[in-house]
Amino acid sequence: MNGEKLRYLKCLANQFPNIDSAAIEIINLQSILNLPKGTEHFLSDIHGEFEAFSHVLRNGSGAVMKKIDDVYGTRLSPKDKKELASLIYYPEEKLEYIKSEKLNTDEWYSTMLHCLISVCRTVSSKYTRSKIRKALPENFRYIVEELITEKEEVLNKKAYYEEIISTIIEIGYADKFITQIAYLIQRLVVDHLHIIGDIYDRGKSSHLVMDILTEYHSLDIQWGNHDALWMGACAGQPACIANIVRTSLLYDNLSVLENGYGISMIPLVLFAMKTYKNDPCAQFKIRSKRSQDSEILLEMRMHKAISVIQFKLEGQLIKKHPEYRMNNRCLLDKIDFSSGTVEIDGKTYLLIDCNFPTVNPDNPYELTEEEKTVIEKLRYSFVSCSKLKEHIKLLLYKGSMYKVANGNILFHGCIPMNPDGSFRKINLFGKPLSGKALYDEIEKYARKAFLSVDETERQNGRDLLWYLWNGPDSPLYGRDKMTTFERYFINDASTYIEKKDFYYALIDKPETAEKIFSEFGVSGNNVHIINGHVPVHHASGESPVKCGGKVIIIDGGFSAPYHKVTGIAGYTLIYNSYGLMLTAHEPFESVEKAIKDCQDMQTKRVASEVAQQRILVGDTDNGKRLKENIKDLKELISAYRSGIIKQK
């Protein structure tokens, strides 16, 4: 036994100080290996759609109803199954509704408690007693364990359970018990959650989505370009902050900033009222708002004000970082103010808005003193917001550029590629990198924005987070440019085109997928690339499944603005012990309908991949780790028995 191995075993001996403790742990781990694998739930591109997101978590993308069907089959009517499902999804709200309708009889309580216990017993069957115990609500731990555990020693089991349930109802604890067991079912139906990017922007409740994720029992996050933007803003990157304020105005969701994070817009309001008071700002409409009252006009002026500030800040960044290769995005210095035109890629276009009161033609990217004050005050609000810090900390602790899990490679956007299918080399860090090495280096620099003790490295990390938002070689963005300026100032749709990375044209080819699998060290028959970022046009017949099932794109348009484009309201993916199931969702109507009318989100299975035999924990990545642990523990026992290490 070499010295390194001996040192490791001595460290392990601190946790398992004798043969008995090591042997018991081996038995426990071995038993876990033979359980069915837990259910993994994949979501992408949530974009602040809180109600739909919350409902999908509550119903496990149909997994809860599947368990109800497994337990009851035809013994319950479809109506009764929906009633039970509604109670599991929204226990507190459903109980209030039941009381308001005076349906809360002892018989109703007894029926629902029996049903909930039966479902809970089924969903808990794939876990060890230890894991179930940890998941149980502390106040009801003993009683729930009694009810969901088969007791062979009890002769009249029905009477035994009836007595417990009757007592719960009699002492007035039925509501609390139902609520706790409903949340326990939700918790056990999904073992682990994967969020494949873009939690933020567009919708009105990104902060509420992050609140849920902060409390979620087990998850990982692959950063999207919108998430990178918010990370940059939290780190104090001014161009990221300007972009967030602009898009919040565009999509009419300033409430996320003002109410969700307490970030005041007063500095921008005062500046816009003064600087653009006579400007109709016609090109800066607020989506979803059509009237032209004074409040909306003020928001349009704020919209234009922050957009100009953004273009200036971005121009400064682009000149600071020539390695970004984004000089074609510096357009303020291409404006001919006398003729009202702008030159883009060698072609001249007429501007439809020529009022730039804060732009100095001799130094167009310099902020005025008032603009500096606005962005400095906004920056202070972002970097000092404790709630935003908490949420971004979750993105740092649970997030990454990519993840390999159980044969699946998860990343938000793309792997930058050349037309011939080779990985494109990108020089952002003083050396050309591609593929996995590029992803690894980007992630390292993104973390430096928060963790490096060197101020230059922190600044470069912050700037990189902005680049990840819209850079031409950003694997999170995946397009050659972001045509924000053109959409505001030029009436020519041909200038709005943003060319997708070659990855998207090549990913349907088996050789492309195999190249990526090889690059990330993934092998086997049931391996997949799982992406978000690019909405699948479901209504036009586009399939989210590419490359013969090797590639799955799960962005079906969770965000409401995409519903007309995609024809659905998002895809979610479930990977359980029986295989993969991809589901398309119709738009979620409301929590009220889910409670009163038992109306679930309408779903349709669009693809599935059934495993040849049931997948066990031993077949997963966690199973591999457990097997390594067992091997180490056996070596520790051998060291104890040979006298190399002394028992305690």
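- P416 approaches L438 most closely through the heavy-atom pair CG-CD2, 4.1 Å.
- Proximity of a side-chain donor or acceptor of R301 to a complementary backbone N or O of C281 within less than 3.5 Å is not detected.
- E371 and T358 share a donor-acceptor pair across their side chains, judged by distance under 3.5 Å alone.
- Counting non-hydrogen atoms of neighbouring residues, nucleotides and ligands closer than 6.0 angstrom, the NZ atom of K334 exceeds 12 such neighbours.
- Scanning all heavy atoms of the two residues, the minimum distance from L268 to A305 falls at CD1-CB, 4.0 Å.
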### Message
I'd like to know whether E369 forms a salt bridge (charged side-chain N to carboxylate O under 4.0 Å, His left out) with K372, so could you lay out the CA-CA distance, the side-chain angles of the two residues, the decisive distance to 0.1 Å, and finally the verdict.
### Response
CA-CA 5 Å; E369 289 303 314; K372 287 178 184 177; 3.4 Å; yes
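- In this structure a side-chain-to-backbone donor-acceptor pair under 3.5 Å is present from D227 to I199.
- Looking only at side-chain heavy atoms (C-beta outward), E295 and E299 come within less than 4.5 Å of each other.
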### Query
Checking side-chain contact (heavy atoms from CB on, under 4.5 Å) for the pair I507/M417: CA distance, chi angles, key distance, verdict?
CA-CA 10 Å; I507 196 56; M417 305 190 89; over 6 Å; no
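- Atom CG of N259 sits in a crowded spot, with more than 12 heavy atoms from other residues, nucleotides or ligands closer than 6.0 Å.
- A donor-acceptor pair under 3.5 Å is absent between the side-chain atoms of E51 and the main chain of S590, judged by distance alone.
- Between Y503 and V534, every side-chain heavy-atom pair lies at or beyond the 4.5 Å cut-off.
- Contact check for V359 versus I335: no side-chain heavy atoms found under the 4.5 Å cut-off.
- Using modelled atom types, one side-chain atom of N253 and one backbone atom of R202 make a donor-acceptor pair closer than 3.5 Å.
- Of the candidates Y349, F311, Y496, F485 forms a ring-ring contact (aromatic ring centres under 6.0 Å, His included) with just one, namely F311.
- The aromatic rings of Y200 and W230 lie parallel to each other, with less than 30° between the two planes, well short of the 60° mark.
- Between L428 and D473 the shortest side-chain heavy-atom distance does not fall below 4.5 Å.
- A distance of 10.5 Å separates NZ in K436 from CD1 in I409, rounded to the nearest 0.5 Å.
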### Task
Please step through side-chain contact (heavy atoms from CB on, under 4.5 Å) for the pair Y261 and V256, ending with a clear verdict.
CA-CA 7 Å; Y261 290 115; V256 173; 4.0 Å; yes
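- Looking at K403, H528, H194 one by one, the single match for side chain to side chain donor-acceptor pair (under 3.5 Å) with N408 turns out to be H528.
- Under a 3.5 Å cut-off, the side chain of T275 and the backbone N or O of A272 do not form any donor-acceptor pair.
- Side-chain contact between V374 and E370 is absent, with no heavy atoms from C-beta onward closer than 4.5 Å.
- Each of P361, C354, P364 was compared with F337 under the side-chain contact (heavy atoms from CB on, under 4.5 Å) criterion, and only P361 meets it.
- Side chains of E486 and T495: no donor on one and acceptor on the other come within 3.5 Å.
- Closest approach of S255 to K204, counting heavy atoms only: OG-O, 3.9 Å.
- Counted by atom type alone, D220 and H192 present one or more donor-acceptor pairs between their side chains at under 3.5 Å.
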### Residue pair F356, F489: steps toward the ring pair (Phe, Tyr, Trp, His ring centres under 6.0 Å) verdict
CA-CA 11 Å; F356 294 94; F489 291 105; 5.1 Å; yes
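- Partners of K389 under the salt bridge (charged side-chain N to carboxylate O under 4.0 Å, His left out) rule, at least two apart in sequence or in another chain, do not exist in this structure.
- Annotation: the span from L250 atom CG to K285 atom NZ amounts to 12.0 Å, rounded to 0.5 Å.
- Counting only heavy atoms from C-beta outward, the side chains of D501 and I415 never approach each other to under 4.5 Å.
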### Query
Are K448 and K444 close enough, and set up right, to give a side-chain contact (heavy atoms from CB on, under 4.5 Å), and what steps lead you there?
CA-CA 6 Å; K448 285 182 179 182; K444 184 171 73 174; 4.2 Å; yes
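- Looking only at distances, no side-chain donor or acceptor of D45 sits under 3.5 Å from a matching main-chain atom of G532.
- Between F50 and I212 there is a side-chain heavy-atom pair separated by less than 4.5 Å.
- Under 3.5 Å, the side chains of E443 and W223 contain no donor-acceptor pair of N or O atoms.
- E511 CD: more than 12 foreign heavy atoms inside a 6.0 Å radius.
- The cationic group of R479 lies under 6.0 Å from the six-membered ring centre of Y477 and within 45° of the ring axis, placing it in a cation-pi geometry.
- Side chain of D198 to backbone of H226: a donor-acceptor contact under 3.5 angstrom is found.
- Residue I318 holds its CD1 atom at 11.0 Å from OH of Y467, rounded to the nearest 0.5 Å.
- Counting non-hydrogen atoms of other residues, nucleotides and ligands closer than 6.0 Å to NZ of K387 gives a total above 12.
- Side chains of N418 and S422: a donor-acceptor N/O pair is present below 3.5 angstrom, by distance only.
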#### Entry: Trace of the side-chain contact (heavy atoms from CB on, under 4.5 Å) decision for I554 with T572
CA-CA 6 Å; I554 63 170; T572 56; over 6 Å; no
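- Between the side chain of N531 and the backbone N or O of L410, no donor-acceptor pair lies under 3.5 Å.
- Taking 4.5 Å as the limit, some side-chain heavy atom of W469 sits within range of a side-chain heavy atom of M482.
- Remark: the backbone N or O of K425 is not paired with any side-chain donor or acceptor of S434 at under 3.5 angstrom.
- Annotation for K398: atom NZ does not count as buried by contact number, only 12 or fewer foreign heavy atoms lying within 6.0 Å.
- Using modelled atom types, no side-chain atom of E49 and backbone atom of A52 make a donor-acceptor pair closer than 3.5 Å.
- No more than 12 heavy-atom neighbours from other residues, nucleotides or ligands sit within 6.0 angstrom of CZ on F502.
- Taking the six-membered ring where the residue is Trp, the centroids of H207 and H391 are separated by 6.0 Å or more.
- The distance from atom CG of N243 to atom OG of S248, rounded to the nearest 0.5 Å, is 10.0 Å.
- Shown here for G236 and V383, the closest heavy-atom pair between the two residues is CA-CG1, 3.4 Å.
- The shortest heavy-atom contact between G471 and M326 is CA-SD, 4.0 Å.
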#### Entry: Step-by-step side-chain hydrogen bond (donor to acceptor under 3.5 Å, both in side chains) determination, D454 to S452
CA-CA 5 Å; D454 182 279; S452 179; 5.2 Å; no
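- By the neighbour-count criterion of 12 heavy atoms within 6.0 Å, atom NZ of K320 is densely surrounded, having more than that number from other residues, nucleotides or ligands.
- Checking Y488 against H303 by side-chain atom types alone, a donor-acceptor pair falls below 3.5 Å.
- Annotation for I442 and L464: closest pair O-CD2, 3.8 Å, computed over non-hydrogen atoms.
- Side-chain polar atoms of E323 and H321 form a donor-acceptor pair below 3.5 angstrom.
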